[in-house]
**Student:** 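Just dropping this structure here.
Convention: sequence-line order gives letters A, B, ...; per-chain numbering from 1.
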4 protein chains.
Amino acid sequence: MLGTLCGVDHHGNRYGRSEAARAAVLEAADDLLVEHGFAGLTIEKIAARAGVAKQTIYRWWPSKVDILLEAFGDDMAEDLTPADHGYLATDLREHLARLADFLTTSDAGAVYRALVGQAQHDPQLATRLRDGHLAAQHARDRLPFERAIARRELVENLDVDLAVERLVGVVHYRVLVTGEPVTREFTDALVDALVLELT
Amino acid sequence: MLGTLCGVDHHGNRYGRSEAARAAVLEAADDLLVEHGFAGLTIEKIAARAGVAKQTIYRWWPSKVDILLEAFGDDMAEDLTPADHGYLATDLREHLARLADFLTTSDAGAVYRALVGQAQHDPQLATRLRDGHLAAQHARDRLPFERAIARRELVENLDVDLAVERLVGVVHYRVLVTGEPVTREFTDALVDALVLELT
Amino acid sequence: MLGTLCGVDHHGNRYGRSEAARAAVLEAADDLLVEHGFAGLTIEKIAARAGVAKQTIYRWWPSKVDILLEAFGDDMAEDLTPADHGYLATDLREHLARLADFLTTSDAGAVYRALVGQAQHDPQLATRLRDGHLAAQHARDRLPFERAIARRELVENLDVDLAVERLVGVVHYRVLVTGEPVTREFTDALVDALVLELT
Amino acid sequence: MLGTLCGVDHHGNRYGRSEAARAAVLEAADDLLVEHGFAGLTIEKIAARAGVAKQTIYRWWPSKVDILLEAFGDDMAEDLTPADHGYLATDLREHLARLADFLTTSDAGAVYRALVGQAQHDPQLATRLRDGHLAAQHARDRLPFERAIARRELVENLDVDLAVERLVGVVHYRVLVTGEPVTREFTDALVDALVLELT
DNA sequence: GTTTAACCGAGACGGTACGTCCAGTCTTCCC
DNA sequence: GGGAAGACTGGACGTACCGTCTCGGTTAAAC
């Protein structure tokens, strides 16, 4: 016969996971987290809210943090990819302001904070979070600096990683630890001080 | 201000709480946190490990984070009060190195990380943590800068808060988020870059 | 001090099981069995009906048949102790009629039938049922015959066990297997045939 | 009435069910019952053991007791049809001994006991069991008596039903209730007492 | 020889109940 | 009155089956 190219050789709806159930669970988890916080986020409530059987959740996600990780998805990549305006200061100012906004006001940011919080109690989650999302975000955070170096705006041997951390680290500190508001003035001052120092 | 034996004014069971029970609970909580992590830290296990009735715990602490807060005690103040060497760079280098050490290697640091993690899910805890410990620590963190200003080593109108955050924030970011090791080289580079910029 | 004779040396309500909870559970189990049958008898429903936490049930009863066994209690002894009228035939006629009544119409009889049914799937229950209740009942079933022997109404070397089984066995067969009604005519005929044969 | 190969009038998949699947299910059910008891007999395990889809089971049998009923089949008729030796006592002695053997040692007997046990919780099953098997068996149990009446060995107006129950009822009682062994001595004694009484 | 319809395996699904763990409250006895 | 002990209600946990469903595949009768 012909080379049955479509579904390889699977049969039955063995691979037929319900997309509706998956989406309902992710949305329910997201909603519950925002509404009732991480403590109010139980598998039972997610199941009830999503109109889904508990078993369906356990079939696909090992724990509630896995649901959050999936719900978190690529939100960070979508929201936090720095634009290129041709000037380091402009790029960084905008990027850092968007980071602050993401962390403090968006739903995805709430999920992110919950995950980082939980990661303090769960080294495995910490590893997955870092490998899965933080590394990629760090690469995106580097972009303005790398473009500035390519533009000769910055010296070639700059420690970009350190520079990145000196910006996003401080914003994270306010969000995760001190809880102080992260204003546009603050992020701008942060960027300006760094740019002044580096150029 | 000497170490007045804390339980000095209770006379037997009749007129006061048992210092032995209090100490046993705090120690048990500390041990369980280090051994089994925050998830393995339940009131029942603390009670069992401490040889104490659950009711005794509930009588004196509203929740398990209160136990941790009390166990955490003034460790931060004791370990993280910056010395005065007469030079800003030296003070900051030493202080930041000790902060890194505290956060990553000490038992108190483990408690602190657990509390900050939990605070992401628990706004009330976040408030208490900030009011009770972080504000005081921030004041201590300012000391090197304030001394340098008094010494005229730094300009008077320096934004000290920002300077502090630009140091401790980055260290916290590594500890709480990226999980990268915080080496002496790293903290020194952080201090040096800032000091160079400010002076 | 005085010889604290009451609670030996127990302290706390360590031995303070709630009689209210116990009674509520037993009654709820009884009711649910009669209303919804053995299949409708779940621990969760017993707990809900009794207004008791599931844990309280699991604390005191290993399984739902244990609840039934306890609810069954001494009902058999109370209802099925044969009276002494001085005549074998009279004693047996009355006793067998009461047995039939117990098995087919009483709540305790419903529990008994459920237990015997379950014992077919559960050898351990079978053993407990036999040792705990059936042996005692068999001893009571023998009484009319033993009194008749004492009275010289029957020969001394009569196989009393066999005689007992030839009466109660047939009634059980109707109740448990064929489901035919066990009328007074039937039990009387059974008794009369046996008594005629033995005397 | 000869053994027409059961599946003779189905032609392939189109108009008929898979005999292989049917047999596998019945055997799996039988095995699981004997190995793990009635509680260990679940549709899922039967399906897994038989290498059959759950749906296939639900397509053909409404419940697991239906599987057992079908697996039980005509075993009773085959094993428990009394032979005709020309003497009432001989016929009954042999028949009752075979009944005892069937109930206590055969696989079909195990299924029978499980079904009778379950019938205590399930009136519908009880009805089907009685209509489907017990009535037929009762008719077979009557045969020795009817032949004896035809032979004038017994009086014509004998209550044959009662006589039958006085034999098989007692054996059932031992098997289902007391669990005592049913020896040949016991069954012979039972028969002899009855025959002596009736003739 | 193609269509076609019933059966089959596989397994995902919404549910119910299981038995366990812990939270937080309570009552009782001892010191 | 504090403390040890522990029973209590309540609720989430993760698991096991239930009975229903949908999906390809297989296969032999029907076309």
Side-chain angles (χ1 to χ4, degrees), chain A residues 4 6-7 9-18 20-22 40-48 50-60 62-64, chain B residues 10-18 20-21 41-45 47-48 50-60 62-64, chain C residues 4 6-7 9-18 20-22 41-45 47 50-60 62-64, chain D residues 10-18 20-21 41-48 50-60 62-64:
Chain A
T4 65
C6 69
D9 61 352
H10 71 66
H11 45 90
N13 62 350
R14 189 167 3 189
Y15 307 105
R17 162 171 193 188
S18 160
R22 178 182 163 275
L41 187 70
T42 66
I43 298 281
E44 301 229 315
K45 278 181 191 153
I46 295 172
V52 142
K54 264 200 305 179
Q55 185 57 45
T56 298
I57 297 183
Y58 284 110
R59 181 155 28 231
W60 299 112
S63 76
K64 68 179 180 180
Chain B
H10 79 78
H11 313 281
N13 259 349
R14 184 66 184 278
Y15 297 109
R17 78 188 274 195
S18 159
L41 188 71
T42 67
I43 299 280
E44 300 227 313
K45 278 182 190 152
V52 143
K54 269 203 306 180
Q55 185 56 42
T56 300
I57 296 182
Y58 283 108
R59 192 170 357 248
W60 300 109
S63 75
K64 70 179 180 181
Chain C
T4 66
C6 66
D9 59 351
H10 72 67
H11 43 89
N13 62 350
R14 188 164 8 187
Y15 305 107
R17 164 171 192 187
S18 160
R22 178 182 164 275
L41 188 70
T42 66
I43 299 281
E44 301 229 315
K45 279 182 190 150
V52 144
K54 267 201 304 180
Q55 184 59 46
T56 299
I57 297 182
Y58 284 108
R59 178 153 35 230
W60 300 111
S63 75
K64 70 180 180 182
Chain D
H10 79 77
H11 313 280
N13 259 346
R14 181 69 182 281
Y15 293 110
R17 68 192 281 193
S18 159
L41 189 70
T42 67
I43 299 280
E44 301 230 315
K45 278 183 189 152
I46 295 172
V52 142
K54 269 203 304 179
Q55 186 57 41
T56 299
I57 296 182
Y58 283 108
R59 195 176 351 253
W60 301 110
S63 76
K64 70 179 181 181

**Student:** Using a 4.0 Å heavy-atom cut-off across all strands, classify C/Ser18 as base, sugar-phosphate, or nothing.
**Tutor:** sugar-phosphate
**Student:** Checking only heavy atoms, does the side chain of B/Arg59 share a donor-acceptor pair with the base of F/dG2 at less than 3.5 Å?
**Tutor:**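 Side chain to base: no pair present.
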**Student:** For the residue pair D/Lys64 and D/Ile43, what are the closest heavy atoms and their distance?
**Tutor:** CB-CD1, 4.0 Å
**Student:** Within 45 degrees of the axis of the six-membered ring of A/Trp60 and under 6.0 Å from its centre: does A/Arg17 put its NZ or CZ there?
**Tutor:**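 Checked: cation-pi criterion met.
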**Student:** Taking atom P of F/dA5 as reference, at what distance in whole Å does atom CD1 of B/Ile57 sit?
**Tutor:**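 To the nearest whole Å, that distance equals 12 Å.
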**Student:** Is the distance from OP1 or OP2 of E/dC7 to the nearest side-chain N or O of D/Thr56 less than 4.0 Å?
**Tutor:** no
**Student:** What residues, two or more places apart in sequence or in another chain, satisfy side chain to side chain donor-acceptor pair (under 3.5 Å) together with A/Ser63?
**Tutor:**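 Once residues adjacent in sequence are excluded, the partners of A/Ser63 under the side chain to side chain donor-acceptor pair (under 3.5 Å) criterion are A/Asp66.
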**Student:** Any idea which heavy atoms bring C/Val52 and C/Ala21 closest together, and the distance?
**Tutor:**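 Distance-wise, the nearest heavy atoms are CG2-CB, 4.0 Å.
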**Student:** Any side-chain heavy atom of D/Arg59 sitting closer than 4.5 Å to one from D/Thr56?
**Tutor:**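 A side-chain contact under 4.5 Å exists here.
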**Student:** Tell me whether the OP1 or OP2 atom of F/dG2 has a side-chain N or O from B/Trp60 closer than 4.0 Å.
**Tutor:**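 Answer is no, no contact under 4.0 Å.
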**Student:** At their closest point, which heavy atom of C/Ala47 faces which heavy atom of C/Ala53, and how far apart are they?
**Tutor:** CB-C, 4.3 Å
**Student:** Using a 4.0 Å heavy-atom cut-off to protein, can you give one letter per nucleotide of nucleotides 11-16 of chain F, 5' to 3': B if the base is in contact, S if only the sugar-phosphate is, - if neither?
**Tutor:** -SBBBB
